[in-house]
There are 2 protein chains.
Amino acid sequence: MTAETGRRPMRADARRNYEKLVAAATESFLANGPDASLDDIAKRAGVGPGTLYRHFPNREALLDAVCVRWADSVAADAAPLLEAADPTEALNAWLVRLVAHVSEFKGLAAALLLSSDRKHDTAWVLHHTSDELVERAKAAGGIRADVTTSELMQLTSGISYACGHSKQAGKPTSTPERLIGLIMDGVRTR
Amino acid sequence: MTAETGRRPMRADARRNYEKLVAAATESFLANGPDASLDDIAKRAGVGPGTLYRHFPNREALLDAVCVRWADSVAADAAPLLEAADPTEALNAWLVRLVAHVSEFKGLAAALLLSSDRKHDTAWVLHHTSDELVERAKAAGGIRADVTTSELMQLTSGISYACGHSKQAGKPTSTPERLIGLIMDGVRTR
DNA sequence: TTGCTAAGCGGAGACAGTCTCCGTATTGTT
DNA sequence: AACAATACGGAGACTGTCTCCGCTTAGCAA
């Protein structure tokens with residue numbers, strides 16, 4: 001879902017507004033969570049609500065546009081890990097980073113992570129880079145062959161969710177590293 | 001958060017309305033998810049919105065009241081497992097059931113599961129019964145001693161969340177059983 | 001340039017949901 | 001029977017979502 005919608009290129013003012021909206025939305029979602037007011041985002045972007053709703057028919061579409069940009073930067077973060085000496089540890093490190101990024105992003109992407117359908121490019125980008133790391137670890141015999149990337153993504157996004165929502169009560173909740181570690185323990189070949 | 005609020009017993013009409021509200025809320029949350037309209041719930045219960053908001057200052061309080069009842073019935077489900085011959089497999093079975101119950105309940109409880117603070121009895125009840133099964137499995141040497149009940153609960157609620165939110169795209173998402181299985185693989189002594 | 005047209009804009013306003021305030025009604029006690 | 005104390009409920013203020021449609025502007029062609 002880039003700024004080009006299908007046929008002919010967007011008109012200059014349309015593209016300008018599109019960019020302003022994504023920027024305002026990013027800021028606002030980060031500040032106020034995924035429930036931030038859309039009309040308010042339009043206001044921040046200096047456009048009317050009608051304009052927002054033409055570009056993004058609903059909240060999810062806007063969220064997705066924001067997340068895709070974020071996902072690209074996260075995926076870039078994986079590049080060095082693809083060269084790492086120990087692919088299994090690289091995978092572990094990646095999953096930890098993934099959870100950290102999702103948390104940093106206030107869980108905006110958590111829901112999007114899960115849908116591997118083509119509607120959400122966010123999911124696709126992250127699934128794809130994860131997949132490379134998984135395949136590499138499998139090839140090196142470091143992890144079980146029967147475990148799929150989707151499964152790891154489900155578990156990882158679940159951890160992001162859980163870590164993001166745990167009210168820190170008396171007992172400190174476990175760190176993402178720890179929980180990812182437990183999963184890797186179940187997945188590693190022995 | 002029972003129907004008794006601290007000091008003296010509720011007045012008869014108050015208690016009656018409390019019950020009607022919880023019943024209507026259960027029905028409505030189940031039908032429309034956790035975002036069901038509160039005013040509508042009040043209407044279904046045959047009371048005014050003011051009454052609803054006196055009993056439950058916010059959506060979460062109402063959700064919690066609904067979930068506590070549900071949690072009690074779920075916890076009851078664990079009783080036979082506490083007598084099972086193989087405590088580790090009993091734990092596994094319990095976690096699977098837990099995820100199933102949470103899913104059945106449309107994830108209403110997912111958020112509540114995580115907060116181990118005293119505000120949410122839902123969390124407490126389920127944490128408590130889980131704990132018994134965990135301790136039993138540890139005592140039998142079936143699972144690692146360093147894994148805590150909280151950690152398992154975090155992972156389990158994460159799985160519930162992930163399974164509940166995965167848009168079923170081309171590839172069928174993994175079953176809860178499978179994901180719980182992976183976690184148990186990491187947790188079992190070997 | 002100028003003029004035309006498709007594309008895009010934006011704000012008024014209909015609608016839905018949340019939550020409060022306060023006059024009225026009910027309960028349970030003496 | 002009378003009277004606190006408690007609870008009820010609906011009007012309405014407020015906030016957010018989303019649509020409709022008359023107006024504006026970009027881009028193109030003459």
Item to complete: Would you sort out whether His127(A) and Ser150(A) count as a side chain to side chain donor-acceptor pair (under 3.5 Å), showing the intermediate values?
Response: CA-CA 7 Å; His127(A) 191 281; Ser150(A) 294; 3.2 Å; yes
Discussion item. For the NZ atom on Lys20(B), are there more than 12 heavy atoms of other groups (residues, nucleotides or ligands in this structure) within a distance under 6.0 Å?
Written reply: yes
Discussion item. Is there a side-chain contact between Thr51(B) and the phosphate of dA7(D), meaning an N or O under 4.0 Å from OP1 or OP2?
Written reply: no
Fill in: Under-3.5 Å donor-acceptor pair between Asp39(A) side chain and dC18(D) base
yes
Practice prompt. Just compare dG10(C), dT17(D), dG9(D) and give me whichever is closest to any side-chain atom of Val47(A).
Written response: dG10(C)
Item to complete: Please state how far atom NE2 in His55(A) lies from atom P in dA7(C), giving the value in whole angstrom units.
Response: 14 Å
Worksheet entry | Closest-nucleotide ordering on DNA chain C, the 5'-leading residue of Arg54(B) and Asp13(B) | Arg54(B)
Worksheet item: Can any side-chain N or O of Arg15(A) pair as donor or acceptor with the backbone N or O of Pro9(A) at less than 3.5 Å?
Response: no
Worksheet item: With a 4.0 Å cut-off on heavy atoms, is Pro49(A) in touch with a base, just the backbone sugar-phosphate, or nothing at all?
Response: base
Practice prompt. Tell me whether the OP1 or OP2 atom of dT27(C) has a side-chain N or O from Arg16(B) closer than 4.0 Å.
Written response: yes
Discussion item. Could you tell me how far apart Asn17(A) (CG) and dA26(D) (P) are, to the nearest whole angstrom?
Written reply: 11 Å
Discussion item. Quiz question: going by heavy-atom distance under 3.5 Å, is there a donor-acceptor pair between the base of dA7(C) and the side chain of Arg11(A)?
Written reply: yes
Discussion item. Tell me whether Arg97(A) contacts the main-chain N or O of Val74(A) through its side chain, where contact means a donor paired with an acceptor under 3.5 Å.
Written reply: no
